[in-house]
J.: 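Encoded as structure tokens, here's the structure I'll be asking about.
All residue numbers in this chain count up from 1 along the given sequence.
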Amino acid sequence: MPGVTPELLALLQTPEGVEALAAAAVLVDGEPLAAASALRARGFGAELAAAALTQASLRHRAAVKFGSDATRMFFTRHGLEQATRAVVADRRAARLAAHGVETLADLGCGLGSDALAAARQGISVYAVEADPLTAALAAANAAAAGLSDLITVTCADATTVEVEKYDAVFADPARRQTGRGRVFDPKAYSPPWDFIAGLAERVPRTVLKLAPGIDHGLLPPGAEGEWVSVGGDLVEAAFWCGPLARVPRRATLAGTGELTGTGTERAPVGPVGAWFYDPDPAVVRSHLVAEFAALIGGRLGDPEIAYVYTDDPVDTPFARRLGVTDVLPFSLKRLRALLRERGVGTLEIRKRGSALVPDQLRKDLKLSGPHAAGLVLTRVEGQPTVLLTEHSRPPMP
């Protein structure tokens with residue numbers, strides 16, 4: 001299906017476009033050619049029919065991030081991929097409002113997820129987006145939400161904005177380049193990293209939304225580094241600067257809980273216990289494994305591996321907990337014999353500190369049998385080790 005253009009976006013906002021979108025929402029799960037034919041049979045032009053079906057499809061996908069709000073928003077595929085999930089944007093906006101922020105410059109607003117969340121907190125937002133189509137979509141989303149009085153969208157270069165006029169700045173630099181895939185080097189961000197990193201010197205209350213793999217060493221002095229996961233997926237890092245910083249490091253499990261600490265503590269090391277914990281990626285990436293271990297009275301089996309063990313089970317939302325049934329040095333022959341003896345035909349494999357490839361290992365193990373189990377490839381006291389565990393279960397709420 002073709003993408004939206006500024007002209008088609010304007011058409012989709014007319015009464016005819018609204019009618020086409022409503023019809024497309026009913027047809028979106030069907031075969032694409034049949035759906036397009038059905039819309040054209042109702043009198044909609046080919047371009048409008050295609051655009052409406054594209055939006056209906058994107059809105060359906062966007063429900064994961066935006067819930068019911070997605071049914072009235074406008075998207076591009078790329079914009080949807082990069083957009084902040086509503087649960088994360090809402091939490092960030094509430095935190096800004098709690099700090100007394102009344103005006104906010106949103107640099108690189110994308111489709112407007114964070115601007116919408118801030119406006120719902122009563123914050124007046126000046127949203128800036130360099131791409132004309134994306135800026136038009138953000139303005140359309142503000143209008144659809146009834147928040148145009150609080151959100152001003154401008155198509156401009158973020159580096160030209162007089163950010164000092166605002167109580168706070170939120171910046172979400174672009175981390176993709178056309179034809180080159182995802183950008184991992186902050187120096188290749190747009191706007192460039194030097195500009196982004198300097199915002200906190202100009203406006204103390206600055207928040208930077210960054211890729212989860214951002215180097216801790218890039219944190220501005222005194223800033224808080226937060227890593228956020230949703231449903232076990234690590235979705236972003238955020239640097240909270242100046243008076244917005246509360247703690248050195250924070251792991252946020254959206255809708256579940258938070259863990260805070262220095263990010264420099266070292267967990268105790270000891271033998272593998274009866275219970276194994278695989279911490280949430282936000283805990284690992286924020287360097288708060290030691291704080292997590294202290295929370296549950298646990299220990300590491302190896303000082304460099306972020307798996308935690310206890311002798312007794314502890315309920316926690318910050319990790320998946322599995323019972324350990326066997327611990328053995330890695331040996332393919334011995335492991336194959338053990339799994340055959342247990343009748344294990346389905347194996348969920350986790351690994352840290354191992355070069356083995358799980359898919360290849362499954363083939364080499366020649367699994368067969370009616371039972372399921374978990375397998376952990378790791379190191380204990382520096383030695384390659386295999387843990388056989390019960391089958392996976394979700395973390396406790």
Side-chain angles (χ1 to χ4, degrees), residues 1-66 69-84 106-116 125-148 151-158 160 172-183 190-191:
M1 292 183 187
V4 69
T5 64
E7 294 76 19
L8 284 172
L9 175 61
L11 183 55
L12 287 168
Q13 293 175 280
T14 65
E16 182 187 15
V18 171
E19 185 181 352
L21 285 167
V26 177
L27 298 168
V28 69
D29 290 331
E31 198 276 325
L33 289 178
S37 296
L39 283 181
R40 290 197 298 273
R42 294 183 57 171
F44 299 112
E47 281 194 326
L48 176 58
L53 285 169
T54 296
Q55 286 304 307
S57 175
L58 291 171
R59 286 175 171 184
H60 181 72
R61 289 171 50 192
V64 174
K65 282 190 172 184
F66 295 98
D69 288 342
T71 60
R72 60 176 182 269
M73 295 177 69
F74 297 92
F75 301 97
T76 61
R77 287 180 176 83
H78 171 69
L80 176 56
E81 289 174 1
Q82 295 298 101
T84 305
D106 181 352
L107 307 183
C109 70
L111 297 177
S113 178
D114 283 279
L116 293 171
V125 183
Y126 180 66
V128 177
E129 172 57 49
D131 177 65
L133 173 59
T134 305
L137 289 163
N141 288 335
L147 294 169
S148 294
I151 300 174
T152 300
V153 181
T154 300
C155 181
D157 182 339
T160 67
D172 181 5
R175 295 181 290 280
R176 285 184 183 270
Q177 292 181 350
T178 303
R180 294 180 58 187
R182 192 176 296 275
V183 173
S190 179

J.: Sort out for me which residue in Thr152, Val153, Asp106 forms a side chain to side chain contact (heavy atoms under 4.5 Å, CB included) with Val125.
T.: Asp106
J.: Side chains of Leu12 and Leu48: closer than 4.5 Å at any heavy-atom pair?
T.: yes
J.: Ignoring hydrogens, what is the shortest heavy-atom contact between Cys155 and Ala130? Give both atom names and the distance.
T.: SG-O, 3.4 Å
J.: Let me confirm one number: the OG-CD distance from Ser113 to Gln82, rounded to the nearest 0.5 Å.
T.: 12.0 Å
J.: Check salt bridge (Lys or Arg N to Asp or Glu O under 4.0 Å) between Asp172 and all other residues, then give those that pass, not counting sequence neighbours.
T.: Arg175, Lys209
J.: State whether the side chain of Lys65 and the backbone N or O of Thr84 hold a donor-acceptor pair below 3.5 Å, judged by distance alone.
T.: no
J.: Using 0.5 Å steps for rounding, measure from the CG atom of Leu137 to the CG atom of Asn141.
T.: 6.5 Å
J.: Which residues pass the side-chain contact (heavy atoms from CB on, under 4.5 Å) test with Glu7, sequence neighbours left out?
T.: Thr5
J.: Please name the pair of heavy atoms, one in Ala156 and one in Thr160, separated by the smallest distance, quoted to 0.1 Å.
T.: CB-OG1, 4.4 Å
J.: Please list, one pair per line, the donor and acceptor atoms closer than 3.5 Å that link side chains of residues 15-27 to other protein atoms, with sequence neighbours excluded.
T.:
none

J.: About how many Å separate CG of Leu111 and CG of Leu116, when rounded to the nearest 0.5 Å?
T.: 9.5 Å
J.: Whether the side chain of Glu129 engages the backbone of Thr134 through a donor-acceptor N/O pair (distance < 3.5 Å, no angle test) should be reported.
T.: no
J.: Restricting to non-hydrogen atoms, name the atom on Ala62 and the atom on Leu80 that form the minimum distance, rounded to 0.1 Å.
T.: CB-CD1, 3.6 Å
J.: ring-ring contact (aromatic ring centres under 6.0 Å, His included) with Phe75: which residues, sequence neighbours excluded?
T.: Phe66
J.: Who are the side-chain contact (heavy atoms from CB on, under 4.5 Å) partners of Ala140, not counting sequence neighbours?
T.: Leu9, Gln13, Phe74
J.: Could you tell me which non-hydrogen atom of Ala127 sits nearest to which non-hydrogen atom of Ile151, and how far apart they are?
T.: CB-CG2, 4.4 Å
J.: Side chain of Arg59, backbone of Thr71: donor and acceptor closer than 3.5 Å?
T.: yes
J.: With sequence neighbours excluded, tell me which residues meet salt bridge (Lys or Arg N to Asp or Glu O under 4.0 Å) with Arg72.
T.: Asp69
J.: Is the shortest side-chain heavy-atom distance between Thr54 and Arg77 below 4.5 Å?
T.: yes
J.: Identify the two heavy atoms, one from Ala36 and one from Ala49, that lie closest to each other, and give their separation to 0.1 Å.
T.: O-CB, 4.4 Å
